[in-house]
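Throughout, a chain's letter reflects where its sequence line sits, starting with A, and its residues are numbered from 1. Please read all numbers here as calculations on a predicted model, not as lab measurements.
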Amino acid sequence: MRVEQISIFLENKAGRLAEVTAILRDANVNIRALSLADTTDFGILRLIVNDNQTAEEVLRREGFTVGKTNVLAIEVEDVPGGLNNVLDPLTSAGINVEYMYAFANTKGNNAIMIFRFHDLDKAISILKDNSIKVIKGEDVYNL
Amino acid sequence: MPIYNMDFETMPREALESIQLSRLKATLDRVYATVPFYRENFKKAGITPSDIKTLKDLQKIPFTVKQDLRDNYPYGMFAVPMQNVVRIHASSGTTGKPTVVGYTRRDIATWAELMARSLAAGGATSQDIVHNAYGYGLFTGGLGVHYGAEMLGASVIPVSGGNTKRQIIIMKDFKPTILTGTPSYILHLAEVAQEMGVSFEELNFKSGIFGAEPWSEDMRADLEAKLHLKAIDIYGLSEVMGPGVSIECYEAQKGLHIFEDHFIAEIINPETGESLPYGETGELVFTSITKEAFPVIRYRTRDITSLNPEPCVCGRTHVRMQKVSGRTDDMLIIRGVNVFPSQIESVLMKNREIQPHYQLVVDRVDNLDTLTVMVEVGQEFFSDEIKTLQNMEQKLSNDIKEYLGVSAKIKLVEPKTIQRSEGKAVRVIDKRKK
Ligand SMILES: [Zn+2]
């Protein structure tokens, strides 16, 4: 159920993001989803890639601080209120979404979004109870 | 740990002081006769060497400061003819001219003995292999440790600073047991070792003797945890001799024994010049009493510390100086508050996740001093959530405010952004000075 996401600490300097993507390109790592959260001084780049180990290795070698977190990839119906169908049962169970971002899905009609929860297990069981589709890690890396 | 020179290092205070006085008198007679600067200084104070009858009388003599050495660049402070000088060292001149110091054959022998004493106090014996990562060259660190290790009979690997990856391989293959170098370079070494997948746990070090820049107790905890050895502080400066002026003992690790049979130490109020009693904190002042080529009389080190005369568990009778807590010229005045970089370091190091890589940037914006503390975000302290990092920034800023009374902005930066030197760390950038 879980998807491994890598995150990278970036200072807000021009061209830094492009450096990261170039490093990954040169290592033949394919970026499946990407989100940059930033403040005035620094940012955190979150990535879902097809080869975590290589990505982590090459980025560390280039001197980046790289973290790993488990997140969920959830299928969101492409209809009005689709996102609410996912969020409502979680909210009523008191589970907070720390952040979320979209996943570029070229197959299928529904959208896929990446969600970060502190209590992953609880989130998974609530989603299951509500018949919301959580996509398996290996499927996500190769979508 | 065996004491290298039992007779002198454990000499009763009374005998020690009587040796100090006779050596002091001989030194004063000699500098008065041979160094115009000192003769002038005595004249200005209206005294001659014969007016110095007790150790306390030393206070009648004017201080010598770094600028005096620069004014007499390069050889004006030498007390012997050049034909008797066998070695020259120089400090890097970050501002203005470098300071040039000389040694006679006997000075080199004295220095080697004091370094042998120091290494022994730090846990080294003739059985040990010393990995000497101090820079060799004009800097006194490399050769100072080298000669001392040889005199002790240890095996010394003169690896010097730099070429860090090769150093790690040497550490693995040659199995050194004593590590020497500047703490900032040693931390860099530890970092590179980690990147190469080499753990210090597998290496053979029992102690590390680190100096040439001040380091805190928190830094000791960090060094000892990362390097799996006992971290010993050594003190010295080229103007007074080089490394080996004072050393912590392996037994106590609490204060650095000053080799008082060769140096007289005083603590003064840096603002008024008044002498301070034992226990009080102020600027450390040295008078050398055995040096031939480059004696110094009441030389102001600009290092802040205090002296502790209490007997030590190791048996040495020599007075101990506290770890240097800062330098008078490092002292930053930020909106009227005195701040030493070492104090900020202590606050940062209380948070174990933080790597000891930081830099202070002081500036003046709209006539108001600003302090920015740059802290590198390492693996241990990184999070994928913005708020966690912002909380950390806030916590550090609050801690600095609470402990030091100054407001500081914390700026998180990527690893390796802060300048690493193979020798000393650049801890402060004061943009107000431009
Ligand atoms: Zn002791």
Working for side-chain contact (heavy atoms from CB on, under 4.5 Å), residues A/T39 and B/I386: CA-CA 8 Å; A/T39 70; B/I386 294 272; 3.6 Å; yes
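Ion pair B/E195/A/R61 not flagged as a salt bridge, since none of the NZ, NE, NH1 or NH2 atoms sits closer than 4.0 Å to an Asp/Glu carboxylate oxygen. B/D384 and A/R116 are joined by a salt bridge, as a carboxylate oxygen and a charged side-chain nitrogen come within less than 4.0 angstrom of each other.
In this structure the side chain of A/E62 never reaches within 4.5 angstrom of the side chain of B/K416, judged on heavy atoms. For the pair A/V66 and B/F382, the minimum side-chain heavy-atom distance is 4.5 Å or more. Annotation: side chain of B/E414 is in contact with side chain of A/L10 (closest heavy-atom distance under 4.5 Å). With a 4.5 Å cut-off on side-chain heavy atoms, A/D41 and B/L412 do not count as touching. Residues A/F42 and B/V413 form no side-chain contact, since every pair of their non-hydrogen atoms from C-beta on lies 4.5 Å or further apart.
Crowding of B/K409 atom NZ: a count of heavy atoms from other residues, nucleotides or ligands under 6.0 Å exceeding 12. Shown here is A/K13, whose NZ atom has more than 12 heavy atoms of other residues, nucleotides or ligands within 6.0 Å. Within 6.0 Å of the CD atom in A/E19, the count of heavy atoms belonging to other residues, nucleotides or ligands exceeds 12.
Interatomic distance, B/F381 CZ to A/T65 OG1, rounded to the nearest 0.5 Å: 9.5 Å. Here NZ of B/K387 is found 10.5 Å from OH of A/Y99. Values are rounded to the nearest 0.5 Å. Atom CD of B/E376 is separated from atom CD of A/E11 by 9.0 Å, given to the nearest 0.5 angstrom.
When all heavy atoms are compared, the tightest approach of A/F64 to B/P415 is C-CG, 4.4 Å. For B/E385 against A/R46, the heavy-atom pair with the smallest separation is CA-NH2, 4.1 Å.
Interface remark: B/E393 contributes side-chain atoms only to the contact with chain A (heavy atom separation under 4.5 Å). Residue contact with chain B, scored on non-hydrogen atoms closer than 4.5 Å, involves the backbone of A/D38 exclusively.
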